[in-house]
There are 2 protein chains.
Amino acid sequence: MQFSKSTDYALHALVHLGHSERCNNVGIKELSSALGVSESYLSKIMSKLRQDGIVRAVPGVNGGYELARPADQISFLDVIQVIEGRQQLFECSNSSSRQHRLLAEEGAAGRDQKRPGKNECLVEKVMNGAEQHLHQYLQEHTIQSVLDEAFKRCSHEVNKK
Amino acid sequence: MQFSKSTDYALHALVHLGHSERCNNVGIKELSSALGVSESYLSKIMSKLRQDGIVRAVPGVNGGYELARPADQISFLDVIQVIEGRQQLFECSNSSSRQHRLLAEEGAAGRDQKRPGKNECLVEKVMNGAEQHLHQYLQEHTIQSVLDEAFKRCSHEVNKK
DNA sequence: TTATTATGGATACTATAGGTCCATATTAAT
DNA sequence: ATTAATATGGACCTATAGTATCCATAATAA
């Protein structure tokens with residue numbers, strides 16, 4: 001299991017856009033040369049990001065891309081979910097198997113607090129818990145937080161001299 | 001990005017083995033019928049688990065599988081790493097791109113505390129942090145913890161009656 | 001009007017997941 | 001020792017997703 005290269009490209013592209021904020025739009029040429037990816041492939045990815053409202057795009061001369069909202073409102077989770085999709089990280093394949101049903105039977109504890117019909121297998125339960133933790137972390141980290149960190153490094157560098 | 005079905009099968013199989021602990025070995029027939037997976041495919045998975053020392057296997061009449069160590073010493077992380085591999089969840093694809101090098105330059109702060117040559121891109125850094133969180137969670141949850149939870153549910157059920 | 005740029009469709013290649021089948025080796029029971 | 005049961009590993013197949021390219025089209029600014 002791995003994140004796709006597209007996610008890598010998307011994240012790096014957004015950091016680049018965030019960095020060039022006050023300038024005009026950034027064209028696919030500049031982006032692709034900065035990231036070292038082909039224009040054709042990267043444009044597919046940018047298109048996805050646009051469809052999901054992460055970036056804006058204008059065609060024509062001097063066109064290009066820009067962030068659709070402030071960089072501190074674009075979380076890693078947002079980006080990942082656009083590129084990788086919003087499916088669960090883990091799903092039990094055969095919910096009708098003996099083993100699954102055994103682990104999914106709602107005990108008394110569950111029946112009191114949770115809505116009926118949930119019927120979550122105990123293996124799923126652990127995995128979904130893991131996913132929630134992951135999501136929380138990824139939501140707390142934004143494009144802006146990368147920019148901040150980069151700036152911090154840079155200014156330390158200057159102080160040394 | 002999703003966990004593979006094999007991971008699902010492996011986890012459910014191990015829970016089954018943990019549950020049948022005091023009995024003898026559990027054959028692939030019983031396992032596959034309990035999980036609703038073909039014997040041929042499941043045996044591949046069990047073979048992997050054996051190679052990594054998660055289960056023991058004995059061939060021959062009345063042979064089968066059993067846990068190689070106590071269920072509380074088999075974490076979800078152990079199982080997942082056997083099945084999914086131990087590669088990083090995220091890797092920057094072109095470490096030579098302008099964008100990557102910009103985010104990888106080690107500032108003064110980094111140079112003091114960390115070993116040189118690490119040169120971790122700031123995007124990678126966030127993603128690796130996410131992975132570590134995920135791993136920690138998955139390491140804290142074991143096959144035994146699923147068995148415990150199942151037992152809890154069951155005993156509550158009994159009390160009700 | 002023209003040059004530039006993004007968009008979307010079609011296509012192709014590759015790797016991996018998911019799955020089957022069979023020959024072989026190992027073991028317990030007879 | 002023989003036999004039946006069981007796990008193992010190799011070969012093979014298929015479907016799908018990821019990666020990538022190319023081209024025709026639409027939209028925009030100069």
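Labels below follow one simple rule: chain letters A, B, ... track the order of the sequence lines, proteins then strands, and each chain is numbered from 1.
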_Counting the atoms with a prime plus P, OP1 and OP2 as sugar-phosphate, which does A:Glu30 contact under 4.0 Å by heavy atoms, base, sugar-phosphate, or nothing?_
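No contact at all - A:Glu30 keeps every heavy atom at 4.0 Å or more from the nucleic acid.
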
*Tell me what A:Phe3 touches on the nucleic acid: a base, only sugar-phosphate, or nothing, going by heavy atoms under 4.0 Å.*
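No contact.
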
Value in whole Å for how far the [atom2] atom of [N] lies from [atom1] of [X]:
X	N	atom1	atom2	result
B:Gln2	D:dA17	CD	C1'	12 Å
A:Leu42	C:dG8	CG	C1'	16 Å
A:Ile83	D:dT19	CD1	P	10 Å
A:Ile28	D:dA26	CD1	C1'	17 Å
A:Asn25	D:dA27	CG	C1'	14 Å
B:Gln87	C:dA15	CD	C1'	13 Å
B:Leu31	D:dT6	CG	C1'	13 Å
B:Lys48	D:dG10	NZ	P	14 Å

*Look at the side chain of B:Ser43 and decide which nucleotide, out of D:dA29, D:dT8, D:dC22, has an atom nearest to it.*
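Shortest atom-to-atom distance from the side chain points to D:dT8.
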
Does a side-chain N or O of [X] approach OP1 or OP2 of [N] to a distance below 4.0 Å, or not?
X	N	result
A:Gln51	C:dG8	yes
A:Arg50	C:dG8	yes
A:Ser47	C:dA6	no
A:Ser4	D:dT19	yes
B:Tyr9	C:dA17	no
A:Asn62	D:dT28	no
B:Ser38	C:dT20	yes
A:Tyr41	C:dC13	no

*May I ask you to check whether A:His141 and A:Tyr137 place their ring centres under 6.0 Å from each other?*
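Yes; A:His141 has its ring centre under 6.0 Å from that of A:Tyr137.
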
*Looking only at N and O atoms, is any donor in the side chain of A:Lys44 or the base of D:dG18 less than 3.5 Å from an acceptor on the other one?*
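Under the 3.5 Å cut-off, the side chain and the base do not form any donor-acceptor pair.
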
*Would you say the side chain of B:Lys5 and the base of C:dG19 hold a donor-acceptor pair, judged only by whether the two atoms sit under 3.5 Å apart?*
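A donor-acceptor contact between them is absent.
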
*Using a strict 4.0 Å threshold on nitrogen-to-oxygen distance, state whether A:Lys125 and A:Glu120 make a salt bridge.*
no

*Is any side-chain N of the basic residue among A:Arg86 and A:Asp52 closer than 4.0 Å to the acidic one's carboxylate O?*
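Salt bridge: yes.
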
_For a 4.5 angstrom cut-off between non-hydrogen side-chain atoms, does B:His133 reach A:Leu134?_
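Answer no - side chains too far apart.
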
_So for atom NE2, which belongs to B:His16, do other residues, nucleotides or ligands contribute more than 12 heavy atoms lying within a distance under 6.0 Å?_
yes

*Would you mind telling me which residue lines up with the more 5' stretch of DNA chain C, B:Glu84 or B:Gly63, judged by nearest nucleotide?*
B:Glu84

*Kindly determine whether A:Asp78 and A:Ser75 satisfy side chain to side chain donor-acceptor pair (under 3.5 Å), including the steps that lead there.*
CA-CA 5 Å; A:Asp78 293 333; A:Ser75 73; 3.2 Å; yes

*Select from A:Val61 and A:Thr7 the residue whose nearest nucleotide in DNA chain D is closer to the 5' end of that strand.*
A:Thr7

*Closest-nucleotide 5' rank along DNA chain D - winner of B:Lys29 and A:Glu39*: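 So the residue in question is B:Lys29.
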
